[in-house]
Student: 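Got a structure for you, written out below as structure tokens; questions coming shortly.
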Amino acid sequence: MLDNKRILLIVAGGIAAVKIPDLIRRLRERGASVRCIITKSGAQFVTPLTLAALSGDKVYQDLFSLTDESDMGHIRLSREADILLVAPATADIMAKMAMGQADDLATTALLATDKPVMIAPSMNVMMWTHPATQANLITLKNRAVRVIGPGVGDLACGEVGDGRMAEVPDILAALSQFFQKRQGQGALSGFHAIVTSGPTHEPIDAVRYIANRSSGKQGHAVATALAELGASVTLISGPTHEPDPDGVTVQHVETAAQMMKAAREALPAQIVVCAAAVADWKVDSTPGKKLKKGATPPSLSLSENPDILATLSQAGPQRPALVVGFAAETDNLIENAQLKRAAKNCDWIVANDVSPGSGAFGGDSNTVHLVTAAGVESWPTLRKRAVAERLAERIAAFAERNL
Ligand code: CTP
């Protein structure tokens with residue numbers, strides 16, 4: 001799994017840095033290439049020369065070094081990797097990451113990267129359990145930073161407890177698992193999932209349409225997360241500004257009727273997630289030209305659009321084993337979501353508050369409740385990507401038990 005993988009290893013200043021030479025050796029044995037950035041305090045524990053000798057590459061240290069920058073600019077350094085691994089991740093570097101601080105090469109690379117980030121925390125037990133560190137940890141997890149460890153044990157400071165950096169074999173296993181999921185050998189490998197996302201546009205005339213504020217961010221993130229767990233994903237997207245996710249088949253549609261048709265044609269599937277904010281109504285007759293302003297404004301006659309979620313949830317041989325809907329509500333969130341689940345005959349509902357102050361429509365975070373036959377589970381406010389990953393993990397657990 002680690003063969004040909006490019007790891008950007010960021011070594012911060014903790015005693016566990018002494019384990020890093022062994023980590024580099026094991027990574028290279030498995031075919032990975034390792035490039036190191038070491039912080040000033042990291043260099044107090046392990047020498048850059050050792051890391052350079054073991055990684056077979058230059059070790060980068062200084063943000064303002066002319067030679068480093070001309071050899072490889074810090075932005076390129078942060079992008080030419082498959083994953084960034086911070087080990088050991090000290091309380092200090094975690095705090096800087098959570099704050100978005102960028103005052104040295106390591107933190108600048110972490111802020112500038114568009115690649116996944118994994119951290120292996122290592123610190124004294126009191127520092128680890130301190131509310132400040134725990135709050136930073138939550139912030140990082142919400143940004144989809146993967147966390148490995150720490151374990152319990154004797155700490156270098158003489159105390160015993162949580163805070164010991166994960167052992168080298170555990171770090172290797174976490175990295176392998178990460179790449180395994182990405183290569184489609186994950187828990188949802190072999191399953192087909194259909195995801196709807198974004199708004200629909202219902203034409204009024206040749207130039208005007210009815211729409212809503214959905215950005216498609218949550219639906220696209222769900223498609224990405226399912227694909228990362230190995231599912232083959234068909235994403236049916238209304239008009240959005242979101243890029244097509246990697247490794248996902250995307251069908252672009254405009255109207256609810258087109259979304260319905262594309263969803264039917266994408267069947268069979270074991271999993272469906274309807275995250276689109278489908279327009280409830282369409283305009284009955286739409287002239288092929290632009291309506292001109294007259295003495296009185298035109299009145300629009302509307303009729304109801306097909307309900308994609310309810311249609312796909314209908315019992316029958318084509319019914320996917322797990323149908324998940326979203327419920328966008330401004331009042332009585334849980335109660336309405338439970339009613340929607342029953343009315344549409346779907347299995348789960350992800351209920352989210354879309355009232356004006358919530359920031360859910362168009363924003364990057366979501367506060368959701370998972371409504372199932374077993375009850376209601378309230379999740380903390382999370383980045384939409386983290387909501388998607390958590391939902392995908394739940395779907396994978398369902399698939400493991402039932403499919
Ligand atoms: N949905 C759908 N097709 C529609 C309307 C909604 O597939 N024509 C799906 C959405 O993708 C979502 C769920 O149904 O998964 C609930 O959507 P929501 O907008 O919250 O509710 P509505 O059914 O439209 O009801 P209301 O607007 O009255 O709340």
Side-chain angles (χ1 to χ4, degrees), residues 193-203 209-223 225-226 233-240 242 250-267 269 271-284 302-314 318-320 322-356 358 360-362 366-372 376 384 387-388 391-392 394-395:
I194 299 172
V195 180
T196 69
S197 180
T200 62
H201 286 182
E202 307 298 331
Y209 55 83
I210 299 175
N212 59 61
R213 296 186 192 281
S214 167
S215 63
K217 283 182 185 167
Q218 187 62 79
H220 279 56
V222 170
L226 291 172
V233 179
T234 305
L235 171 65
I236 305 168
S237 171
T240 77
E242 288 297 292
V250 187
Q251 308 256 16
H252 294 277
V253 297
E254 285 216 354
T255 65
Q258 290 166 356
M259 191 173 269
M260 178 79 257
K261 182 167 178 283
R264 278 187 199 275
E265 286 173 1
L267 289 170
I271 299 149
V272 164
V273 181
C274 288
V278 183
D280 289 324
W281 305 285
K282 65 171 188 238
V283 180
D284 278 335
L302 302 175
S303 57
E304 202 168 316
N305 266 326
D307 193 309
I308 300 160
L309 176 63
T311 308
L312 297 180
S313 299
Q314 273 165 13
Q318 288 268 68
R319 190 195 191 279
L322 181 66
V323 184
V324 184
F326 273 69
E329 306 288 346
T330 51
D331 311 286
N332 302 329
L333 178 61
I334 306 284
E335 199 187 322
N336 279 335
Q338 282 166 330
L339 290 172
K340 246 172 217 176
R341 183 178 161 268
K344 303 201 187 205
N345 194 33
C346 62
D347 302 296
W348 300 352
I349 284 272
V350 181
N352 62 333
D353 182 354
V354 292
S355 20
S358 70
F361 258 48
N366 225 347
T367 314
V368 306
H369 309 265
L370 184 64
V371 179
T372 68
V376 180
K384 287 184 175 171
V387 169
L391 183 64
R394 298 298 300 266
I395 292 173

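Residue numbers run from 1 in the order of the sequence given. Whatever order the structure lists them in is the order used to number ligands and atoms, beginning at 1.
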Student: In the protein, which heavy atom is nearest to atom 13 (C) of ligand 1, and how far is it?
Tutor: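 For atom 13 (C) of ligand 1, the nearest protein heavy atom is F326 O, 2.9 Å.
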Student: Is the closest side-chain heavy-atom distance between W348 and L322 below 4.5 Å?
Tutor: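 Yes, at least one pair of side-chain atoms sits under 4.5 Å.
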Student: Please tell me if the side chains of L312 and L267 come closer than 4.5 Å, counting only heavy atoms from C-beta onward.
Tutor: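 Yes - at least one pair of side-chain heavy atoms lies under 4.5 Å apart.
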Student: Considering only the protein, which heavy-atom contact is closest to atom 24 (O) of ligand 1, and what is its distance?
Tutor: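 Among all protein heavy atoms, the one nearest atom 24 (O) of ligand 1 is D280 OD1, 2.8 Å.
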Student: If I compare all heavy atoms of I308 with all of A263, which pair ends up nearest, and what's the gap?
Tutor: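 Closest pair (atom of I308, atom of A263, distance): CG2-CB, 4.1 Å.
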Student: Take atom 28 (O) of ligand 1 and look for protein heavy atoms under 4.0 Å from it; say yes if you find one, no if not.
Tutor: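 For atom 28 (O) of ligand 1 the answer is no, since every protein heavy atom stays at 4.0 Å or beyond.
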Student: Any heavy-atom pair between the side chains of T240 and S215 that's under 4.5 Å?
Tutor: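 SC-SC contact between S215 and T240 ruled out.
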Student: Can a non-hydrogen atom of M260 be found less than 4.0 Å from any atom of ligand 1?
Tutor: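 No, that is not the case, since the closest heavy atom of the residue is not under 4.0 Å from the ligand.
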Student: Checking side chain to side chain donor-acceptor pair (under 3.5 Å) against N366, which of K384, K217, Q218 comes through?
Tutor: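 Looking at K384, K217, Q218, the match for N366 under the side chain to side chain donor-acceptor pair (under 3.5 Å) is Q218.
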Student: Which of the atoms of ligand 1 are close to A328, meaning less than 4.0 Å from one of its heavy atoms?
Tutor: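 Close to A328: 20 (O).
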Student: Does even one non-hydrogen atom of A327 get within less than 4.0 Å of ligand 1?
Tutor: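 Per 4.0 Å heavy-atom rule, A327 contacts ligand 1.
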Student: Ignoring hydrogens, what is the shortest heavy-atom contact between L309 and G325? Give both atom names and the distance.
Tutor: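 For L309 and G325, the tightest heavy-atom pair comes out as CD2-CA, 3.7 Å.
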Student: Considering non-hydrogen atoms only, spot the tightest contact between R341 and D347 and give its length.
Tutor: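 Nearest heavy atoms, R341 then D347: NE-O, 2.8 Å.
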Student: Counting non-hydrogen protein atoms only, what is the nearest one to atom 3 (N) of ligand 1? Give residue, atom name and distance.
Tutor: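 Here the nearest protein heavy atom works out to I308 N, 3.0 Å.
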Student: Less than 4.0 Å between a side-chain N and a carboxylate O, is that true for E329 and K340?
Tutor: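 Result for this pair is yes, salt bridge flagged.
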Student: Among protein heavy atoms, which lies nearest atom 7 (O) of ligand 1, and at what distance?
Tutor: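 Answer for atom 7 (O) of ligand 1: L309 N, 2.8 Å.
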Student: At under 4.0 Å between heavy atoms, which part of P306 makes contact with ligand 1: side chain, backbone, both or neither?
Tutor: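 Just the backbone.
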Student: Any sub-3.5 Å donor-acceptor pair from T196's side-chain atoms to A276's backbone N or O?
Tutor: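 It does hold such a pair.
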Student: List every atom of ligand 1 that sits less than 4.0 Å from any heavy atom of C274, numbering the atoms from 1 in the order shown and giving each element.
Tutor: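 By the 4.0 Å cutoff, the relevant atoms are 11 (O), 12 (C), 15 (O).
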Student: Under 3.5 Å, is there a donor-acceptor pair linking the side chains of S237 and H252?
Tutor: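 Not at all, the side chains of S237 and H252 share no donor-acceptor pair under 3.5 Å.
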Student: Among protein heavy atoms, which lies nearest atom 23 (O) of ligand 1, and at what distance?
Tutor: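 Checking every protein heavy atom, the shortest distance to atom 23 (O) of ligand 1 gives K344 NZ, 2.4 Å.
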Student: Note the single closest protein heavy atom to atom 11 (O) of ligand 1, along with its residue, its atom name and the distance in Å.
Tutor: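 Checking every protein heavy atom, the shortest distance to atom 11 (O) of ligand 1 gives A276 O, 2.6 Å.
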Student: Considering only non-hydrogen protein atoms, determine which one is nearest to atom 19 (O) of ligand 1 and report residue, atom name and distance to 0.1 Å.
Tutor: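 Heavy-atom neighbour on the protein nearest atom 19 (O) of ligand 1: K340 NZ, 4.5 Å.
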Student: Within ligand 1, which atoms have a heavy atom of G325 less than 4.0 Å away?
Tutor: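 Answer, ordered by atom number: 15 (O).
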Student: Examine the proximity of ligand 1 to D307 and report which part, side chain or backbone, both or neither, has a heavy atom under 4.0 Å away.
Tutor: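 Looking at D307 and ligand 1, atoms from backbone and side chain both fall under 4.0 Å.
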Student: Around atom 4 (C) of ligand 1, find the nearest protein heavy atom and jot down its residue, atom name and distance.
Tutor: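 Here the nearest protein heavy atom works out to V278 CB, 3.5 Å.
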